[in-house]
Amino acid sequence: MSLDDLPVRDDLRGKKPYGAPQVHVPIQLNVNENTHPVPAAVADDISAAIRGALDGINRYPDREFTELREALAGYVGGGVTAENIWAANGSNEVLQQILQAFGGPGRTLLAFPPTYSMYPLLAEGTGTGYVTAERGPEFAVTAEIAVAAIREHRPDIVVFCAPNNPTGTALPLEAITATYDAFDGIVIVDEAYHEFMPDSESRATTLLDGRPRLLISRTMSKAFAFAGARVGYLVAHPDAIDALRLVRLPYHLSALTQVAATTALKHAPTMLAMVDDIRQQRDRLVVELANLGFTPHASQTNFVLFGGVDDPHTLFEALLAEGIIIRDVGIPHHLRVTAGTETETTAFLDALGRIVAR
Ligand SMILES: *Cc1c(COP(=O)(O)O)cnc(C)c1O
C-alpha cells in the first residue's frame with residue numbers, strides 16, 4: 001500500500017510534499033528566519049497573555065480577531081485601520097486564501113521567477129493555473145516587463161515579491177502601478193521582507209488609496225522573529241478583505257495565536273531592535289562574499305544570493321560538514337545565505353574562507 005494506491009486528486013498524483021530540509025545544525029542560515037530569539041521580557045509577557053487566554057479556551061476564539069487586527073493596523077500605520085487588515089496562520093495561508101477567493105480552476109496567476117517557491121505550489125493546491133515571465137538584468141522587474149507579461153499572458157492575478165526572495169531584488173513602485181493599470185485583475189505584493197528595506201524607500205502600502213485590487217501581504221515570521229507562531233497578514237481595501245471571509249475557515253486563528261501576536265505587537269520596537277543589526281550583517285555578507293571571489297547580488301532583505309559558485313551542491317555539503325546550513329535555491333552556480341547574528345555570520349564567512357582556500 002502506498003499513497004499512489006489511494007484515490008487522490010489526479011493533479012496531485014506522483015507529487016512530493018514541499019519543504020526546506022529541517023536539519024538541526026548549530027548555524028541555520030537556510031530559511032531566512034530572524035536568528036535572534038525573542039527577548040526574555042517579551043516572552044514573559046506573551047506567556048502571561050497565553051495563560052490568560054487559557055481561561056476561556058473552552059470557547060471558540062473571536063472569529064474576527066478584532067484586537068489583533070487593531071494592533072496590526074497600528075503597527076502598519078499610515079492611516080490603515082482594522083478594516084484594512086486580515087490575518088492568518090502565516091502569510092502562506094493569506095496567499096492561499098487570496099487564490100481561493102480570486103483564483104481557482106480556469107484562472108491564472110502570473111509570477112516572475114526566480115521568486116518565492118510557494119507561489120506555484122499555492123497555485124497548484126488551489127487549482128489555479130501558473131504562468132511566468134522572465135526578469136530583466138540583475139533580476140529586476142520593470143514596469144515595461146510587467147506590462148508586457150500581462151499583455152502576453154492575460155492573467156487574473158499577478159504576484160510580485162518585493163523585495164524578491166530568493167534574489168533580494170527591490171521592486172520599483174512604478175512596476176506595481178503600471179501593472180494595476182494594465183488589467184482588471186488582482187495585484188498581490190508580498191512584502192515579507194519590507195522591514196529590511198532602506199527606511200527611506202516607499203512601501204506598496206503607500207499605493208493603497210483608490211486601488212481596491214491591490215493586496216499587500218506581510219508576515220511576522222521574518223523581521224518580527226515570530227516564525228514559529230505562524231502569523232501573516234494582509235493590508236488591503238475592506239472589500240478585498242470581505243472576499244477572504246468567503247473562503248476562510250471559521251475560527252482559523254486560535255485564541256492563543258491571537259493573544260501571542262497582539263502581545264508581541266505591543267513590544268514592536270523591542271522585537272524589531274535586531275533589524276538594523278541584521279541589515280548590517282547582510283551588507284557585510286555582500287562585501288565579504290565579493291572579497292572571497294563570489295558575485296553577491298544587491299539585497300534589500302535579510303539574505304544574500306551569491307553567484308560564482310562552481311558547484312553549489314559541493315559547497316553546500318562542505319558548509320554542512322562545518323555545522324552550517326544555507327540554501328541551494330536551484331539557480332545554477334548560486335547559493336543563498338541568511339544574515340545571522342554577528343557571530344553566526346562570522347562563522348559562515350570563516351568557514352567559507354577555509355573551504356575556498358582548500
Ligand atoms: C518567508 C516568506 C513568507 C512568509 O511566510 P509565512 O507563512 O508568513 O511564514 C512569505 N513570502 C515570502 C516571499 C517569504 O520568503
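Note that ligands are numbered from 1 as they come in the structure, with each ligand's atoms numbered from 1 the same way. FYI, side chains are in, hydrogens and waters are out, and symmetry mates aren't considered; it's all heavy atoms of this structure.
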Q | Distance flag, aromatic centroids of Y75 and F224, threshold under 6.0 Å | A | yes

Q | Separation between OH of Y193 and CD1 of I278, rounded to the nearest 0.5 Å | A | 11.5 Å

Q: Could you pull out all residues at least two apart from D350 that satisfy salt bridge (charged side-chain N to carboxylate O under 4.0 Å, His left out)?
A: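 D350 satisfies salt bridge (charged side-chain N to carboxylate O under 4.0 Å, His left out) with no residue once adjacent residues are dropped.
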
(Q) If you define the side chain from C-beta out and look only at heavy atoms, does anything of I27 sit under 4.5 Å from I325? (A) no

Q: Enumerate the protein residues lying less than 4.0 Å from ligand 1, judged by heavy-atom distances, in chain and residue-number order.
A: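 Near ligand 1, by chain and number: G90, S91, N92, Y116, C161, N165, D190, A192, Y193, T219, S221, K222, R230.
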
**Q.** F306 six-ring centre to R336 NZ/CZ under 6.0 Å and within 45° of normal
**A.** no

Q: For the pair D11 and K15, find out whether any cationic side-chain nitrogen is under 4.0 Å from an anionic carboxylate oxygen.
A: no

